[in-house]
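Structure first, commentary second.
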Amino acid sequence: MRSPIVPLLVALNLLTVVLLAVLVFQSIATRSELEQLHRQVAAAENGIGSGELALALGDLENRIKDWLQASGAGSPLGTSASPGSQDARIAEILDILHRLESQLDQICQGVPVC
C-alpha cells in the first residue's frame, strides 16, 4: 500500500531539482557578466594612466602660462598693468589649476579608471 505522501514528496523533489537548475544557470550567467565587466575595466585601465594625465595637465598649465604672458595676463600690452600684477594673476590662475588637479585626484581616489 502506497502512502498518500509519496506523490507530494516526488513533486517536492522535482521542484527542488528545477530550482537548483535555475540557480546553477543564474550563477553561470552572473559569472560570465562579471568576467565581461572585468575585461571592460581592464581595457579602460589601459586607456589613460595617471602619468599621461599629469603630463596633459602640465602641458595645459604651460600653455595657459604662455598665453597669459603673451596676452599680458588679461590686459592689453602697453597698458598700466605692471609686471608684478601680471605675475600675481598668473600665480592665481596656477593656484586654481593646482586646486582643480587636487580635486581631480580626490575624485579619482579609489576609482580604478579615472
Side-chain angles (χ1 to χ4, degrees):
M1 180 172 179
R2 291 179 58 185
S3 172
I5 296 179
V6 170
L8 181 62
L9 290 176
V10 169
L12 187 61
N13 282 337
L14 287 175
L15 182 62
T16 303
V17 168
V18 169
L19 287 176
L20 286 175
V22 168
L23 181 65
V24 166
F25 287 126
Q26 184 65 34
S27 65
I28 290 171
T30 304
R31 181 182 173 123
S32 66
E33 289 175 7
L34 186 61
E35 288 173 349
Q36 181 182 7
L37 287 173
H38 180 64
R39 284 191 300 271
Q40 288 175 352
V41 167
E45 282 178 344
N46 294 334
I48 185 167
S50 60
E52 292 176 37
L53 185 60
L55 287 174
L57 285 174
D59 182 49
L60 177 64
E61 182 179 328
N62 290 334
R63 287 188 297 166
I64 290 173
K65 184 188 287 186
D66 293 341
W67 176 78
L68 287 173
Q69 288 175 349
S71 68
S75 62
L77 293 175
T79 61
S80 62
S82 66
S85 67
Q86 290 177 1
D87 290 340
R89 181 76 177 139
I90 291 171
E92 178 185 346
I93 291 174
L94 290 177
D95 183 50
I96 291 170
L97 283 173
H98 288 296
R99 281 187 277 155
L100 287 173
E101 185 177 6
S102 66
Q103 287 178 350
L104 181 64
D105 290 340
Q106 288 176 353
I107 291 170
C108 291
Q109 190 175 26
V111 177
V113 179
C114 193

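Everything quoted here is computed from the prediction, not taken from an experiment. Sequence positions, counted from 1, serve as the residue numbers for this chain.
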Problem - Pairs where residues 20-37 contributes a residue and the test side chain to side chain donor-acceptor pair (under 3.5 Å) is met, not counting sequence neighbours - result: Arg31-Glu35

[X]: hydrophobic cluster co-members (side-chain, 4.5 Å):
X: Val6; result: Val10, Leu14
X: Val17; result: none
X: Leu19; result: Leu15

Fill in the blank from the handout: To the nearest 0.5 Å, atom CG of Leu23 lies from atom CD1 of Ile28 at 10.0 Å

Handout entry: Atom pair CG/CD1 of Leu97 and Ile64 - distance to nearest 0.5 Å
Key = 4.5 Å

Completion exercise
Correct closest heavy-atom pair for Glu61 and Leu94 would be CG-CD2, 3.2 Å

Problem - Within one Ile-Leu-Val-Met-Phe-Trp-Tyr cluster: Leu100 and Leu60, side-chain cutoff 4.5 Å - result: no

Handout entry: Sub-4.5 Å side-chain heavy-atom contact between Leu20 and Val24
Key = no

Exercise for the section: Apply salt bridge (charged side-chain N to carboxylate O under 4.0 Å, His left out) to Glu92 and list each qualifying residue two or more places apart in sequence or on a separate chain. Expected result: Arg89

Practice task
Could you list the residues that satisfy salt bridge (charged side-chain N to carboxylate O under 4.0 Å, His left out) with Asp95, not counting sequence neighbours?
Solution key: Arg99

